[in-house]
Chemist: 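Let me begin by handing over the structure; questions about it come next.
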Number of protein chains: 2
Amino acid sequence: MDGTRRGSPGEAARRSGATVTSAAVNSRDLPHPARAEIRLEGVLHALSDPLRLRIVRELAAVGDELSCSHFDLPVTKSTTTHHFRVLRESGVIQQNYRGTAKLNGLRKDDLDGLFPGLLDALLGAAAREADRLGGA
Amino acid sequence: MDGTRRGSPGEAARRSGATVTSAAVNSRDLPHPARAEIRLEGVLHALSDPLRLRIVRELAAVGDELSCSHFDLPVTKSTTTHHFRVLRESGVIQQNYRGTAKLNGLRKDDLDGLFPGLLDALLGAAAREADRLGGA
DNA sequence: CGCTTCGTACGATAGTCGTCGTAGTACGGT
DNA sequence: ACCGTACTACGACGACTATCGTACGAAGCG
């Protein structure tokens with residue numbers, strides 16, 4: 001599977017919103033791929049994991065940013081961090097530190113810009129499958 | 001990643017559609033997952049490999065069944081077989097022996113039935129990305 | 001029948017992935 | 001200053017994956 005070298009430091013240091021409410025504490029910056037850096041294969045791979053798909057679905061349902069600790073996943077903290085990192089590095093979500101918490105938000109605009117209709121189709125498919133399998 | 005252990009030989013030996021275009025020479029039968037057995041995560045995982053995505057794209061573009069040897073992939077025969085198997089076992093394609101050749105066809109009906117709009121969105125996204133990246 | 005073509009099966013190997021535990025860093029409250 | 005909370009980093013481990021090479025089976029053609 002090739003590999004989106006995560007090493008490259010600089011770049012992609014822009015926050016979209018600027019968080020005007022308070023002082024915008026961006027002491028720690030996290031490396032995000034720029035929109036043009038997002039690869040379809042990476043997105044599909046990120047979403048091919050049940051845990052990650054679940055995270056994305058919840059994020060989409062809420063429509064807002066959620067902290068990592070908000071999710072009640074059946075894995076340890078380390079693993080959770082790992083999954084969020086995969087999602088961030090593939091360009092599916094964006095993460096910003098907010099004090100001690102880290103807020104995760106879907107990069108819906110970027111995804112829709114690159115692949116119109118894909119995210120909705122994916123989310124719809126996931127909802128359908130959850131309904132189909134969970135409808136016991 | 002768990003799930004779908006392919007190791008077990010027997011099992012899942014049902015063809016769903018049967019899709020009998022012609023005389024259907026089914027001397028050697030290949031195990032396909034039934035429509036209800038297809039899992040979104042499996043499909044996404046299958047499509048997250050560049051080689052396999054390319055195969056599916058070509059299959060969709062032609063709209064017909066193609067033999068394995070039709071594809072000119074930068075890997076050996078063994079690896080090609082492997083990729084086609086992953087695609088078949090995830091429910092993305094169906095394979096039928098036709099004399100010495102093996103015809104591969106997209107399971108568009110099943111996929112559309114399970115996840116309406118997903119395949120088209122995926123194909124569209126792949127086309128867009130190919131255009132974006134290959135537009136050098 | 002022998003030979004070629006098409007594809008499979010069976011290792012083998014190197015790399016990636018998901019998972020964990022432990023230790024560590026950053027921020028905020030008391 | 002101290003401690004708790006939130007998340008990370010690193011190392012490890014087992015499982016899976018992509019790739020290969022070689023050997024094999026099945027269908028068709030001379």
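Just so you know, these numbers come straight off a predicted model, no measurement behind them. Just the heavy atoms: all of them, side chains too, but no hydrogens, waters or symmetry mates, feed the values below. Lettering of chains follows the sequences in order, A, B, ..., and the numbering in each one begins at 1.
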Chemist: I'd like to know if the side chain of Arg98(B) reaches the main chain of Ser67(B), judged simply by a donor and an acceptor atom lying under 3.5 Å from each other, with no hydrogens or angles considered.
Modeler: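 Such a contact is absent between Arg98(B) side chain and Ser67(B) backbone.
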Chemist: For His82(B) and dA18(D), give me the distance from atom NE2 to atom P, rounded to whole Å.
Modeler: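 Rounded to the whole Å, the gap is 4 Å.
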Chemist: When you measure from the side-chain N and O atoms of Thr76(B) to the phosphate of dC20(D), is any distance below 4.0 Å, counting only OP1 and OP2?
Modeler: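 Checking dC20(D) against Thr76(B), a side-chain N or O does come within under 4.0 Å of OP1 or OP2.
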Chemist: Distance check, rounded to the nearest 0.5 Å: Asp49(A) atom CG versus His83(A) atom NE2?
Modeler: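 Atom-to-atom, Asp49(A):CG and His83(A):NE2 are 4.5 Å apart.
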Chemist: Under 3.5 Å, side chain of Asn104(A) to main-chain N/O of Gln95(A), donor-acceptor pair present?
Modeler: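 Checked: no pair found.
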Chemist: From CG of Asp49(A) over to P of dT16(C), roughly how many Å is that when rounded to an integer?
Modeler: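 It is 18 Å, rounded to the nearest whole Å.
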Chemist: For Arg88(A) and dC7(D), give me the distance from atom CZ to atom P, rounded to whole Å.
Modeler: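 Rounded to whole Å, this separation is 13 Å.
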Chemist: What's Ser69(B) touching, base or sugar-phosphate or nothing? Going by heavy atoms closer than 4.0 Å.
Modeler: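 Sugar-phosphate contact only - Ser69(B) comes under 4.0 Å of backbone atoms but never of a base.
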Chemist: If I take atom CZ in residue Arg85(A) and atom C1' in nucleotide dT19(C), what distance separates them, rounded to the nearest angstrom?
Modeler: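 The answer, rounded to whole Å, is 14 Å.
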Chemist: Can a donor-acceptor pair be found, under 3.5 Å and without considering hydrogens, that links the side chain of Arg54(A) to the backbone of Leu73(A)?
Modeler: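 Checking the backbone N and O of Leu73(A) against the side chain of Arg54(A), no donor-acceptor pair under 3.5 Å is found.
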Chemist: Taking the side chain of His45(B) as its heavy atoms from C-beta onward, which of dT17(D), dG18(C), dC20(D) lies nearest to it?
Modeler: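 Closest of the options to the side chain of His45(B): dT17(D).
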Chemist: Of the options dG18(C), dG7(C), dC7(D), whose atoms approach the side-chain atoms of Cys68(A) most closely?
Modeler: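 Out of dG18(C), dG7(C), dC7(D), the nucleotide with an atom closest to Cys68(A)'s side chain is dC7(D).
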Chemist: Can you check whether Arg52(B) has a side-chain N or O nearer than 4.0 Å to OP1 or OP2 of dA18(D)?
Modeler: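 For Arg52(B), the contact criterion (side-chain N or O under 4.0 Å from OP1 or OP2 of dA18(D)) is met.
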Chemist: Below 3.5 Å, does any donor atom in the side chain of Ser78(A) face an acceptor in the base of dG21(C), or the other way round?
Modeler: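 A donor-acceptor contact between them is present.
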Chemist: Using OP1 and OP2 only, check whether a side-chain N or O of His70(B) sits under 4.0 Å from dC6(C).
Modeler: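 Result: no.
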Chemist: Using a 4.0 Å heavy-atom cut-off, does Ser67(A) contact any base of the nucleic acid, only the sugar-phosphate backbone, or nothing at all?
Modeler: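 Ser67(A): backbone/sugar contact only, no base atoms under 4.0 Å.
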Chemist: Of all the nucleotides listed (dC7(D), dG7(C), dT19(D)), which has the minimum atom distance to the side chain of His83(B)?
Modeler: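 My answer, after comparing the listed nucleotides, is dT19(D).
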Chemist: Measure from CG on Leu73(A) to P on dC20(C) and round the result to the nearest Å.
Modeler: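 Rounded to the whole Å, the gap is 11 Å.
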Chemist: From CG of Leu30(A) over to P of dA26(C), roughly how many Å is that when rounded to an integer?
Modeler: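 One finds 13 Å between P of dA26(C) and CG of Leu30(A), rounded.
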Chemist: Has the side chain of Glu129(B) got a donor or acceptor atom that lies under 3.5 Å from a matching backbone atom of Leu40(A)?
Modeler: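 Checking the backbone N and O of Leu40(A) against the side chain of Glu129(B), a donor-acceptor pair under 3.5 Å is found.
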Chemist: Just the rounded figure in Å: distance from C1' of dA23(C) to NZ of Lys77(A).
Modeler: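 Distance, rounded to whole Å: 14 Å.
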Chemist: Is it the case that the base of dG28(D) and the side chain of Thr100(B) share a donor-acceptor contact (distance under 3.5 Å, atom types as modelled)?
Modeler: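 Per atom types, no contact qualifies.
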Chemist: Could you tell me how far apart Gln95(A) (CD) and dC7(D) (P) are, to the nearest whole angstrom?
Modeler: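 To the nearest whole Å, that distance equals 10 Å.
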